[in-house]
Each structure stands twice: as C-alpha cells, then as structure tokens.
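Working notes, structure below.
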Amino acid sequence: MIKKAVITSGGKQYLVSEGDQVVIELVKSDNKTVDFEPLMVIDGDKVQVGSPTVNGVKVSTTVIETDKMADKVTSIRYKSKKRVHKVRGHRQHQTHLKVTKIS
C-alpha cells in the first residue's frame with residue numbers, strides 16, 4: 001500500500017504520497033531538502049491523526065526549483081464617469097517539491 005500524508009504550508013493543506021511532485025507557495029530554504037510534520041498519515045487501513053501534528057513522523061521533500069510560475073492575477077477598480085481606474089497585478093512565487101520519503 002502507498003503511504004499518504006497531509007502536510008501544511010502557507011496556510012494550505014496538501015495530500016501527498018511518496019514520489020509525488022507538489023507545487024506550493026514559496027519556501028525559503030538554504031538546503032535542497034525541506035521536512036514537514038504531517039497533520040495526518042494514511043498507511044493502508046491504518047490512519048493516524050495528529051493533534052496538531054503526528055508525533056515521530058516526518059515527510060522529507062527535495063526542492064526541484066523555486067520559480068515565479070503562477071498565473072498573473074489582476075484586480076481592477078473602476079468607477080464610471082468619475083475618472084477612477086486602477087489596475088493591479090500579482091504573480092505568486094512558487095516552489096516545486098518532490099516527496100522522497102514518509103517516515
């Protein structure tokens with residue numbers, strides 16, 4: 001059976017398994033590896049739920065690349081007949097990770 005885990009990063013939760021590639025918000029790390037403490041671990045029929053994290057288990061990942069790959073999100077403020085027109089854009093930095101081990 002494939003082991004799965006729920007990890008959290010940047011206020012979001014991701015369901016990952018060994019060998020998966022995950023795109024998350026920017027993680028600043030000098031190392032090429034990043035470890036996460038899982039919120040939940042699923043191993044076949046056995047499920048461990050942490051409070052808030054599962055003790056003794058960690059998810060090891062390898063950084064593939066850190067890039068600005070997200071689509072641009074634009075916001076527009078416009079008022080007719082008032083000469084109010086403002087356009088803003090934002091592009092989120094992202095980190096691509098590969099899950100190497102859940103132990």
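These values consider heavy atoms only, across backbone and side chains, with no hydrogens, waters or symmetry-generated copies.
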**Study point:** Shared hydrophobic cluster for Val34 and Ile7 (ILVMFWY, side-chain gaps under 4.5 Å)
**Key:** yes
Review point. In this structure, which one of Gln94, Lys12, His93 forms a side-chain hydrogen bond (donor to acceptor under 3.5 Å, both in side chains) with Glu25?
Key: Lys12
Practice item. Determine, using the 4.5 Å side-chain heavy-atom cutoff (strictly less than), whether Tyr14 and Val59 are members of one ILVMFWY cluster. Key: yes
Check your understanding: From Lys98 NZ over to Asp20 CG, what is the distance, rounded to the nearest 0.5 angstrom?
Key -> 9.5 Å
Check your understanding: What do the steps show when you test Thr61 against Thr100 for side-chain contact (heavy atoms from CB on, under 4.5 Å), and what is the final call?
Key -> CA-CA 5 Å; Thr61 60; Thr100 55; 5.7 Å; no
Point to revise | Distance (rounded to the nearest 0.5 Å) between Lys32 NZ and Leu97 CG | key: 11.0 Å
Check your understanding: Roughly how far, to the nearest 0.5 Å, is CD1 of Ile42 from CD of Gln48?
Key -> 10.5 Å
**Study point:** Residue of the set Asp43, Val99, Val16 for which side chain to side chain contact (heavy atoms under 4.5 Å, CB included) holds with Lys3
**Key:** Asp43
Revision key, fill the gap. Correct closest heavy-atom pair for Val54 and Val49 would be CG2-C, 4.2 Å
Point to revise | Cluster link Val6 to Val22, ILVMFWY, side chain under 4.5 Å | key: no
Review point. Is the number of heavy atoms from other residues, nucleotides or ligands under 6.0 Å of Ile2 CD1 greater than 12?
Key: no
**Study point:** Non-hydrogen atoms of Ala70 and Gln92 that approach each other most closely
**Key:** CB-O, 3.5 Å
Practice item. Let me see the working for Met69 and Val23 under side-chain contact (heavy atoms from CB on, under 4.5 Å), right down to the final yes or no. Key: CA-CA 10 Å; Met69 298 284 294; Val23 179; over 6 Å; no
Practice item. First locate atom OG1 of Thr8, then atom CD1 of Ile24, and finally report the distance between them rounded to the nearest 0.5 Å. Key: 9.5 Å
Point to revise | For Pro38 against Lys58, the heavy-atom pair lying closest together | key: CD-CA, 4.0 Å
Check your understanding: Roughly how far, to the nearest 0.5 Å, is the NE2 atom of His96 from the OG1 atom of Thr66?
Key -> 8.5 Å
Check your understanding: What closest approach, in Å, do Phe36 and Ser9 show between heavy atoms, and which atom pair accounts for it?
Key -> CE2-CB, 4.0 Å
Review point. Arg77 and Val84: side-chain contact (heavy atoms from CB on, under 4.5 Å), yes or no, with the steps?
Key: CA-CA 7 Å; Arg77 179 171 180 247; Val84 176; 3.6 Å; yes
Exercise for review: Report whether Val63 and Ile102 are members of the same hydrophobic cluster (ILVMFWY, side-chain heavy atoms less than 4.5 Å apart, transitive linking).
Suggested key: yes
Study note, to complete from the structure: Interatomic distance, OG1@Thr62 vs CG@Asn31, rounded to 0.5 Å, equals 11.0 Å
Exercise for review: Look at the side-chain heavy atoms of Ile, Leu, Val, Met, Phe, Trp and Tyr, link any pair under 4.5 Å apart, and say whether Val47 and Leu15 land in one connected group.
Suggested key: yes
